[in-house]
Structure formats: C-alpha cells, structure tokens
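Written below as structure tokens is the structure these notes are about.
The basis for the numbers below is simple: all heavy atoms, side chains too, and nothing from hydrogens, waters or symmetry mates.
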Amino acid sequence: MSAVLEVEGLSVAYGKVEALHGANLVLPAGSIVTVIGPNGAGKTTMLAAIMGLLPSQGIVRYQGRDVARDEVEARVAQGLVLVPERRELFGEMTVADNLVLGAFARYRRRESGIDADLDAVYQRFPRLRERRGQLAGTLSGGERQMLALGRALMTRPRVLMLDEPSLGLAPLVVREIFQIIADLRRTGVSILLVEQNARAALQVADHAYVLETGDVVLEGEARSLITNPRVIETYLGLAAGSRRTSAA
Amino acid sequence: MDVQIALLLAQDGLTNGAIYALLALAIVLVFVVTRVLWVPQGEFVSYGALTLASLQLGKVPGTVWLLVCAGLATALVDGVVAVREGRLRRMPRSLLANVVLPLALAALATWLAPRNPPLLVQILLTIALIVPLGAMVYRLAFQPLQRASVLVLLIVSVAVHFAMQGLGLVFFGPEGARTPAFTDVRFELGVMTVSGQSLLVIGASVFLIVVLYLFFERTIYGKALRATAVNRTGARLVGISTSLAGKLTFTLAAGIGAVSGILIAPIATIYYDSGFLIGLKGFVGSVVGAIVSYPLAALGAVLVGMLESFGSFYASALKEVIVFTALLPVLIWLSLRSRHVEEDDEE
Ligand SMILES: Nc1ncnc2c1ncn2[C@@H]1O[C@H](COP(=O)(O)OP(=O)(O)OP(=O)(O)O)[C@@H](O)[C@H]1O
Ligand SMILES: [Mg+2]
C-alpha cells in the first residue's frame, strides 16, 4: 500500500528545548495509525508540526509531495486536516457557523455537496443539530468534541489527524467516536490518531508508534503491540490488571 | 440657545456622527481581524474626498498615479517573494490585481474625467480607485508582520499614516477642496428644517452599516473574517489564511473610508492632511466600544459628532479639545471596569 503521509527525521524545538527528535512515521493510504505515549512525550507537537503550525526540521511528504513550503491553509485545502488538542473552535459563533466554516476551502473552490455533508454531520451528531443556533463557547465539553470533529469532517479530509478525540468524554460517547473513526476509514480517509486511551486506540488502529520524550521508542502492528509486555505495563497497565482480577 | 438652534446642532452632530460611525466600524474591524490599530483610516477619507473633488472639476485625480505606483510596488514585493520561494505560479494573479487592474482603472479615469460624467459615475469611480489600495497597504506593510506584537503593529500603523499623508500631498497637492452639496432639498418638520444633504449622509451610513451587518452574518467570507477575529489558529485549520483575511479586511476599510470621504466632501473642506483628525474622531468613537464592540463603537461615534457640534457652538475654538477630552472619562471608566485583557499570543 502506498503511503499518503510520510514523516522523515522530524524535529521540533521550542526555543532551545527540542521536543521532538527526528521522528519517522508512515501513514499508509486508507489505514489508521496511532501514536501513543505519556504526557509531554511530544505527540501534540508532532501533529502541529505535520500540519505546519510549528516550524520544524525534517521532511513531511503528503501524497508524495514535500509540503515544507505550504502554509497551513494550503495543506488544509489539499485534505490534510487536524483536530487539535485544544479544539480551537470559534467560541463566539454558532454551532452552525462553525460547521459551515469547516467547508471554507471548499466554498472557495465552489465545490458542491457541502449542504449534503452538513446534513450528514447533523445525522451523525443529532445533538449538534439541536444546538445549531447555540454559541460554540457555551457547549459542554463533550459537545465541543463533537463539534470539533464535525467541523473537521466538513473539510472533507483525506488525512485526518486527531489529537485525543476521546478526551473527557463519557464511555458511551468514546465508543461512538471510535466507531466514527472506523467508519471514516471505510470511506477512504486515512487517520493519524493520538490517544491517551491506548487500548481503544490499539484496537482500532492498524499500526502504532510509541513516543517517549520526543523519540519513537517502539513501533509495530497495533495487534502485536497490544500484547507487548512493555506496552501492557506502561500504557495498558490498569486495564490489563483489572481484566486479570475479573478473570480470577 | 433656543430649541431651533439645538435641533440644528443635533442634526449637524448626527450627520457627522454617522460618518464617524462608519470610520469607527472600520477601525474596530481592522483591529479584531488583524490586531492592527489602524491609524490611517482617515487617509482613505481624504483620498476619497479629494478624488471626487478632482473628478468634479474635470481633472484626472492624483489617486490614479498613487494607485499605479502602489500597485507596482506591491507586484514587485510579490515578485521578489515568489522568486525567493520558487512559487512563480502565484504571480499571474498578483500581476492582474496589482498591475493590470490599476492600469485599467487609471485608463478609465483618465478617459472619463474630462467628459464630466454624472455624479453617480464619479462616485463609483472614486470608490473603485481607492478600494484596491486597501489590500496593497496590507500586503506592503502588515502581511510580513503577522506574528508581530500589537505594539509593533501600532508603530507601523503610525508610520503608514505619515507615509500616506505625505503621498496625499504629493499626489493631490496642498490645496483644499469641497464639493457642492449632493442636493439642496430641505424639509420643514415642525420647528425644524431638515436638510436633504443630512438625510442623504445619514441614510447612506445606515445603509452601509446594514450591508456590512448582512455581509458578516450571512456570507461565508464575512463569517471567515469573524472566525479569524475569534480564533486565528482555528481559522487557519479550516483553511482561512490570515493573509486573505487581512487583505479582505483592509479592502473593506478602504471602501468604507472612500464612502466616508465622498459623504464628507460637501460638508467640510478637505485637505491632504484632514484625514487624520477625522479618523481620530472615528477612533474616539471606537474607544467607547473598547475597540471590540461594533454597536458601542457606532454609538460612541455618534456621541462624538454631537459633542463636536454642540462644542463648536459654545466654544468654537475649543471644539477639538472638547471631543478629545471626552475620551478621558471613557478611558477611566474602561480601566475601572476592565478585566485584564491579555494579548492573544500566537503559537
Ligand atoms: N509552546 C511551548 N513552549 C515550550 N514548550 C512546550 C510548548 N508546547 C509544548 N511544550 C513542551 O514540549 C513537550 C511536548 O509537549 P506535547 O504537548 O507535544 O506533549 P503530548 O505528548 O501531546 O502530551 P499530552 O499527552 O499531555 O498531551 C512538553 O515537555 C511540553 O512541555
Ligand atoms: Mg498532547
């Protein structure tokens, strides 16, 4: 399978402190790749650098092309889309406006099908339809997550990067989000997923990377990592332990 | 003072206030989208008034040369950047907007000016000559400074003001100009005489404000500008480029300035350097709205117009002083009431 996104030797520094040291990563077309790691490992930094939000060194190749010179907006227009950790919603605008603006680049290209996509997002998140006239800043935490994901879907991404999409969500909604991620892959979207919920991430993903203090320390098939003792101990520890107790 | 005089002053104040309100809105708009405290808004006003005055005299306005020169400078900067970054693909568009369009407008103006076209055509031509300057000013002065602090942007803004004023002297000369009233109609309304000119100015301002409101509420580009104002990073992540938003904003500001200049041209004699004081009054209005609220800014501007007109009756020599002194209580009130507003840092 050809890679839709390739990262080679990506380094990012905040001032003098380097937060990412020459990371390599490959996202094959139509697959889900997850990056897991402890707090402060540099996961968010990596996604921001791929998106072009942070200056970085190294190569980011999207659809076979080095995008170093493309601004964030140009990357979005090509279908490389990020749902950032901080969501960056338009708080003083309505839910509906937030969603419509997700399709801004498509309006500029006079693309069709935007209304249908808006409908599809409302279908997926009926809660957003109910609240479409409400200001985004007044939404609950979970609703904001839905809106961030909905807004990203309105861009019609080819590669969707999600930074902790399940952050602060109720278990039922978390399952819903992972369902959506699996659905999206089926429609041909490639997904780069950063998650604290390592178990769920490894279950949905094809391939996984473990990032620790700015270095990729482990990578492999998601299915194999889920049984890797080191991963179990560090990232699945609690959940694995509880399963053992319940089995006993 | 009897009622009749008071009403007359109020009418004057409202008329000027309506124009200041337009300027205040432009200043608020530029600030929230680009974080630039846009001092030279008044320069667009004097350019507008002087351009219309030239056209009415059948002369080719200096704006023509100004536009062509600014366009060439902009295309040059674009060209240098394009060569340096190896992105010549973008040049045709820049050449079209900054060279072809200004030359076409210049040719049109040169051809039309001596032929004494009807007033409406003169007005449209004036607006068309000034609007493209907005995006050029942004491209030349502010686009390279997107990450700069508000203070740096303010300093550049003041520098741009002096540059634009100097260019005004070069291209329009030191003489003042005043255009004839758009209409001599007067209505008797009880004890009050309402001048058609005042009604026209107020009506045009209100109309423009409504159009702007609809633009921001209903159109995707208007929403994109609001989005940039609310969350720049979020806007970039949906593909709204900060440069595009900046150019669009300055285009709107130039358009609003040109219209204001056209409206004020028959009311006051405008010189190349009159814009500053006019813009400053719009600025005082926008301060009343703490430079973030459109309705309060417009209200503040109308207040400024009123103060000015009543001030000129009681103490004509001091009217400017009165207007700017009015800023003090507003500033005190704002600082007492203020929560600490921190500057959005870019990441
Ligand atoms: N703007 C910044 N300035 C300085 N240091 C920063 C900045 N942003 C992040 N860092 C540092 O870079 C490192 C990596 O941060 P990053 O946000 O990428 O981690 P993360 O893996 O996403 O963590 P989490 O799981 O907590 O979200 C951290 O040590 C963080 O303190
Ligand atoms: Mg993070």
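Within a 6.0 Å sphere centred on CZ of A:Arg185, other residues, nucleotides and ligands contribute more than 12 heavy atoms. Counting non-hydrogen atoms of neighbouring residues, nucleotides and ligands closer than 6.0 angstrom, the OH atom of A:Tyr14 exceeds 12 such neighbours. Sparse packing is recorded around CZ of B:Phe207, with 12 or fewer heavy atoms of other residues, nucleotides or ligands lying under 6.0 Å away. Heavy-atom contacts from other residues, nucleotides or ligands closer than 6.0 Å to CD of A:Glu130 number more than 12. Within 6.0 Å of CD on A:Gln63 lie more than 12 heavy atoms contributed by other residues, nucleotides or ligands.
Applying a 4.5 Å heavy-atom cutoff, none of the residues of residues 32-49 of chain A approach chain B. Scanning residues 94-122 of chain A against chain B with a 4.5 Å heavy-atom cutoff picks out A:Asp97, A:Val100, A:Leu101, A:Gly102, A:Phe104, A:Ala105, A:Tyr107, A:Arg108, ordered by number.
A salt bridge links B:Arg236 with A:Glu71: at least one charged nitrogen is closer than 4.0 Å to a carboxylate oxygen.
In this structure, the side chains of A:Leu53 and B:Leu237 come closer than 4.5 Å at one or more pairs of heavy atoms. For the pair A:Phe90 and B:Val238, the minimum side-chain heavy-atom distance is below 4.5 Å.
Under the 3.5 Å distance criterion, the side-chain polar atoms of B:Asn231 are matched with a main-chain donor or acceptor of A:Leu89. Between the side chain of A:Arg69 and the backbone N or O of B:Glu85, at least one donor-acceptor pair lies under 3.5 Å.
With rounding to the nearest 0.5 Å, the separation of CD in A:Glu92 from CZ in B:Arg226 is 9.5 Å. Here the CE atom belonging to A:Met93 is positioned 7.0 Å from the NZ atom belonging to B:Lys223, to the nearest 0.5 angstrom.
Contact annotation for A:Met51: only side-chain heavy atoms (C-beta onward) come within less than 4.5 Å of a heavy atom of chain B.
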